[in-house]
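Letters A, B, ... mirror the listed sequences (proteins, then strands); counts begin at 1. Note that the structure is predicted; figures quoted are calculated from it, not measured.
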Amino acid sequence: MRPEDELSSPPGPRLATWNVESIRARHDQVIAWLDENRPDVLAMQETRCPARLFPTAHFNRLGYELVIHGGDGGHGGVAVAVQETDDGLSSVRGIDLGFPGAVAPLDQPRSISLTWRSWRIHSMYAPNGAKVGTDAHRVKLAWFALLRQWLALERTDHPHSIILGDLNIAPADIDVWDARRYRMRNLTSPLEREAFAALLEDGLVDVVRSHYEGVPVFTWWNRRSDFYETNRGWRLDHILTDAETARSIEAVWIDRQERGRDGSTDHAPVVLDLLSTKPAGHAGTAGATPLVGSGPT
DNA sequence: ATGGTGGTTGTACCA
């Protein structure tokens with residue numbers, strides 16, 4: 001899963017997403033992983049921690065600045081850690097916490113959007129959805145409708161986009177360890193899969209799937225029982241990019257071993273390594289129109 | 001038929 005050069009730094013930017021399932025309970029694991037893998041950007045979900053109680057100092061010591069959104073009451077919450085630059089200035093701008101203008105129940109702390117280098121970066125934590133047919137499930141679908149609108153709006157201003165997060169959808173049967181058993185259920189239902197597919201129809205590329213075509217890869221294993229040990233998992237954590245960014249990928253990998261640590265969060269980190277330079281013919285194309293409909297088939 | 005775990009908050013809830 002992890003590329004051969006696992007301990008060396010990639011030539012270009014490294015971005016990762018990780019559902020940390022409480023940053024206060026898990027900061028030792030997260031900080032150790034950051035220290036070892038040194039992503040430029042780590043999008044975190046389910047931080048379950050109000051901003052004032054966030055273990056910020058641990059991140060600062062490693063040279064990361066933080067953007068934090070919510071987590072009050074021990075539910076939800078997202079954050080983005082970004083490697084500090086040498087000039088002492090913040091390397092992020094244009095921060096949006098949540099979907100601007102959203103009203104309850106779509107105003108929960110589940111998203112951060114910010115500009116970093118030439119990319120618009122989004123850390124997303126979709127509602128779990130509980131069970132098909134419940135209010136929670138309808139809220140999940142409404143959240144995805146709003147996400148689609150928000151990303152379409154954002155992409156008119158920022159052609160280079162990277163969406164990282166726990167979207168709480170297994171996009172296809174291959175993304176579930178036993179698709180038949182969990183058919184038409186929460187995380188697999190047709191309306192959820194349509195919501196995910198709509199993002200690809202808008203021109204975003206599911207870069208994990210496009211790099212593991214036809215191969216089952218999982219990012220979440222239920223903590224109960226021996227689901228991890230027996231690899232009964234799901235692919236719920238995703239990285240989507242615009243088509244041009246998708247053409248400049250060095251590697252995509254899931255740090256499956258990290259999930260096996262004692263006391264680990266139940267999700268594995270998902271990592272995107274980009275090439276240091278744009279592909280030939282695409283240098284200096286800031287402002288280019290994103291290609292549409294070029295996602296994996 | 002529906003187990004099994006963990007975090008946070010508070011004696012249930014969310015995942």
Taking only Lys NZ, Arg NE, NH1 and NH2, and the carboxylate oxygens of Asp or Glu, determine whether A/D157 and A/R120 approach each other closer than 4.0 Å. no

What is the distance, to the nearest angstrom, from the CG atom on A/N222 to the P atom on B/dG4? 12 Å

Can you tell me, in whole Å, how much space there is between the P of B/dA1 and that of B/dT5? 23 Å

Only residue of A/R223, A/Q29, A/Q45, A/H267 satisfying side-chain hydrogen bond (donor to acceptor under 3.5 Å, both in side chains) with A/E21 is A/R223

Please confirm whether the shortest side-chain N or O distance from A/S225 to OP1 or OP2 of B/dG3 is below 4.0 Å. no

Taking B/dC13 as the reference, what is the distance to B/dT9 when you measure between their C1' atoms (whole Å, please)? 9 Å

Round to a whole Å and report the spacing from CD of A/Q108 to P of B/dA15. 8 Å

Nearest-Å distance, CG (A/N128) to P (B/dC13)? 16 Å

Counting any heavy atom closer than 4.0 Å, what does A/G76 reach on the DNA or RNA strands: base, sugar-phosphate only, or nothing? nothing

If you measure only the distance, is there a donor-acceptor pair under 3.5 Å linking the side chains of A/W33 and A/D255? yes

Determine the Euclidean distance between corresponding P atoms of B/dT2 and B/dG6; express it in Å to zero decimal places. 22 Å

What nucleotide among B/dA15, B/dC13, B/dG4 has an atom nearest to a side-chain atom of A/F227? B/dG4

Within this structure, what is the CG-to-C1' distance between A/D28 and B/dG7, rounded to whole angstrom? 16 Å

Check the distance between B/dG4's C1' and A/W177's CH2 and give it to me in whole angstrom. 13 Å

Measure from CG on A/N186 to P on B/dC14 and round the result to the nearest Å. 13 Å

May I ask you to decide whether A/R155 forms a salt bridge with A/D202, counting only side-chain N to carboxylate O separations under 4.0 Å? no

Hey, does A/R26 reach any base, or is it just sugar-phosphate, or nothing, if we go heavy atoms under 4.0 Å? sugar-phosphate

Just how far, in rounded Å, is C1' of B/dA15 from CG of A/N19? 9 Å

Between A/Y182 and A/I23, whichever has its closest DNA chain B nucleotide further toward 5' is A/Y182

Rounded distance in Å - CZ (A/R223) to P (B/dG4): 15 Å

Using a 4.0 Å heavy-atom cut-off, does A/Y228 contact any base of the nucleic acid, only the sugar-phosphate backbone, or nothing at all? nothing

Which listed nucleotide (B/dT5, B/dT8, B/dG6) is nearest to the side chain of A/R224? B/dT5

Classify the ring geometry between A/W221 and A/F218 as parallel (under 30°), tilted (30 to 60°) or perpendicular (over 60°). perpendicular

C1' gap between B/dG10 and B/dC14, integer Å: 14 Å

Does A/R48 place a side-chain N or O at less than 4.0 Å from the phosphate oxygens OP1/OP2 of B/dG6? no

Using atom C1' in both nucleotides, what's the gap between B/dG7 and B/dT11 to the nearest angstrom? 15 Å

Any chance the side chains of A/W18 and A/T265 put a donor and an acceptor closer than 3.5 Å? no

For B/dT8, which nucleotide in any strand shown is its Watson-Crick or wobble partner with both distances under 3.5 Å? B/dA12

If B/dG3 has a Watson-Crick or G-U wobble mate with both distances under 3.5 Å, name it; if not, just say none. none

Does A/R185 reach a base, just sugar-phosphate, or nothing at all? Heavy atoms under 4.0 Å. nothing

Please determine if a side-chain N or O atom of A/R181 lies less than 4.0 Å away from the OP1 or OP2 oxygen of B/dA1. no

